[in-house]
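To keep things clear, I will list the structure first and then write my remarks on it.
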Amino acid sequence: MPKPTADPAALGLGVDRTSPVPLHHQLAQQLQAAVEQGRLAPGSLLGNELELAARLGLSRPTVRQAIQSLVDKGMLVRRRGVGTQVVHSRIKRPLELSSLYDDLEAADRRPATRVLRNTVEAATAPVAAALGVAEGSEVHVVERLRLARDEPLALLRNHLPPGLLDLDSARLEATGLYRMMRSAGITLHSARQSVGARAAEGEEARLLAEPRGAPLLTMERTTFDAGGRAVELGSHVYPASRYAFEFQLLARP
């Protein structure tokens with residue numbers, strides 16, 4: 001069931017007519033901030049354009065343009081017979097050596113974790129090559145479902161060398177893996193990472209609350225400590241509807 005129609009006054013929506021920033025852009029920025037900060041939760045209704053325009057003292061084309069900009073970004077959707085509705089807000093994460101748990105916590109996204117698997121298994125050839133161990137030797141594997149504000153956001157699979165640290169499932173559900181590493185005195189120095197995409201398959205689609213075949217972003221990362229030792233191989237997938245990588249590009253001199 002859709003949630004109640006959002007109250008513009010409660011959200012602090014308003015425009016500054018003396019500002020050089022176009023009115024539709026001001027409104028779009030405020031609506032986007034409300035979605036990203038959780039003040040407009042997924043499923044919330046915005047009301048129709050006429051009502052919003054009247055309550056904000058704006059023209060209907062101005063409100064329509066602001067809403068359309070967020071529809072184009074995938075943050076709002078127009079549903080026949082329902083109205084304009086908030087969809088899942090997308091997590092935008094810079095490509096740097098950081099923990100998803102820490103990034104979500106810093107953004108007030110209320111991260112939570114479910115440990116799906118926590119065991120030791122024989123290293124396959126790709127895992128052995130990434131971690132610098134012999135093929136067939138024992139490595140620790142942890143699979144987790146990461147949630148943000150109670151919504152599934154990522155499936156995380158990590159392979160680690162044996163004996164690196166105590167991978168207690170209760171601790172893994174209470175905090176992030178990188179935070180556990182730092183607490184164990186491991187200094188994370190650098191990583192080799194690749195990003196890709198593919199379609200969601202059966203079980204992962206169910207866990208991520210996505211339809212089978214929905215687009216997923218993929219990330220594989222091998223992380224090294226200050227001594228150059230490989231300390232983890234991460235293979236993660238994220239629903240493209242709720243997650244994006246951000247790149248900073250610099251021109252060559």
Side-chain angles (χ1 to χ4, degrees), residues 1-96 98 100 102-111 148-154 195 197 209-210 214-217 219 238-253:
M1 291 291 292
K3 297 183 180 181
T5 302
D7 180 1
L11 293 172
L13 299 180
V15 295
D16 179 2
R17 296 183 183 276
T18 66
S19 171
V21 178
L23 299 180
H24 71 86
H25 189 62
Q26 291 185 47
L27 178 57
Q29 286 181 316
Q30 292 173 32
L31 289 171
Q32 180 169 337
V35 172
E36 291 178 341
Q37 295 167 10
R39 291 180 285 122
L40 270 175
S44 299
L45 294 171
L46 286 186
N48 63 51
E49 293 169 359
L50 280 174
E51 291 174 347
L52 275 176
R55 298 182 73 171
L56 295 172
L58 298 171
S59 69
R60 185 177 182 182
T62 295
V63 172
R64 181 185 301 123
Q65 193 172 358
I67 290 175
Q68 187 59 48
S69 69
L70 298 190
V71 170
D72 293 342
K73 290 182 179 181
M75 303 181 79
L76 302 178
V77 65
R78 301 180 192 272
R79 301 190 188 280
R80 186 181 299 275
V82 175
T84 303
Q85 193 170 9
V86 179
V87 294
H88 300 289
S89 58
R90 179 177 289 184
I91 302 292
K92 293 184 178 180
R93 190 176 175 208
L95 278 180
E96 57 186 29
S98 64
L100 175 59
D102 291 344
D103 291 344
L104 292 173
E105 191 172 66
D108 194 28
R109 294 285 184 149
R110 299 198 306 272
R149 292 191 177 134
D150 300 322
E151 293 185 335
L153 180 67
V195 175
E210 290 284 310
L216 298 179
L217 296 175
M219 186 272 283
Y238 313 84
S241 62
R242 276 166 277 165
Y243 191 94
F245 292 107
E246 286 193 337
F247 300 80
Q248 181 178 14
L249 306 178
L250 301 176
R252 289 184 177 178

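Keep in mind that this is a model prediction, so the values were computed, not measured.
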What's the shortest heavy-atom distance between [X] and [Y], and which atoms?
| X | Y | result |
| --- | --- | --- |
| Arg110 | Asp150 | NH2-OD2, 4.5 Å |
| Arg17 | Leu58 | NH2-CD2, 3.7 Å |
| Ala66 | His24 | CB-O, 3.3 Å |
| Ala209 | Pro152 | CB-CG, 3.9 Å |
| Leu13 | Leu56 | O-CD2, 3.7 Å |
| Leu23 | Asp16 | CD2-O, 4.2 Å |

Using side-chain hydrogen bond (donor to acceptor under 3.5 Å, both in side chains) as the criterion, list what pairs up with Glu49, not counting sequence neighbours.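 Residues passing side-chain hydrogen bond (donor to acceptor under 3.5 Å, both in side chains) with Glu49: Arg60, Arg64, Arg78.
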Those residues at least two apart in sequence (or on a different chain) that pass side-chain hydrogen bond (donor to acceptor under 3.5 Å, both in side chains) with Ser69 are none
Atom pair CG (Leu31) and OG1 (Thr84), whose distance is rounded to the nearest 0.5 Å: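 Reported to 0.5 Å precision, the distance equals 10.0 Å.
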With rounding to the nearest 0.5 Å, note down the distance linking OG1 in Thr62 to NE2 in His25.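 Reported to 0.5 Å precision, the distance equals 14.0 Å.
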Keeping the roles fixed (side chain from Gln30, backbone from Gly14), state whether a donor-acceptor pair exists under 3.5 Å.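 Side chain of Gln30 to backbone of Gly14: a pair is present.
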With a 4.5 Å heavy-atom cut-off, do Val86 and Leu76 have their side chains touching? yes
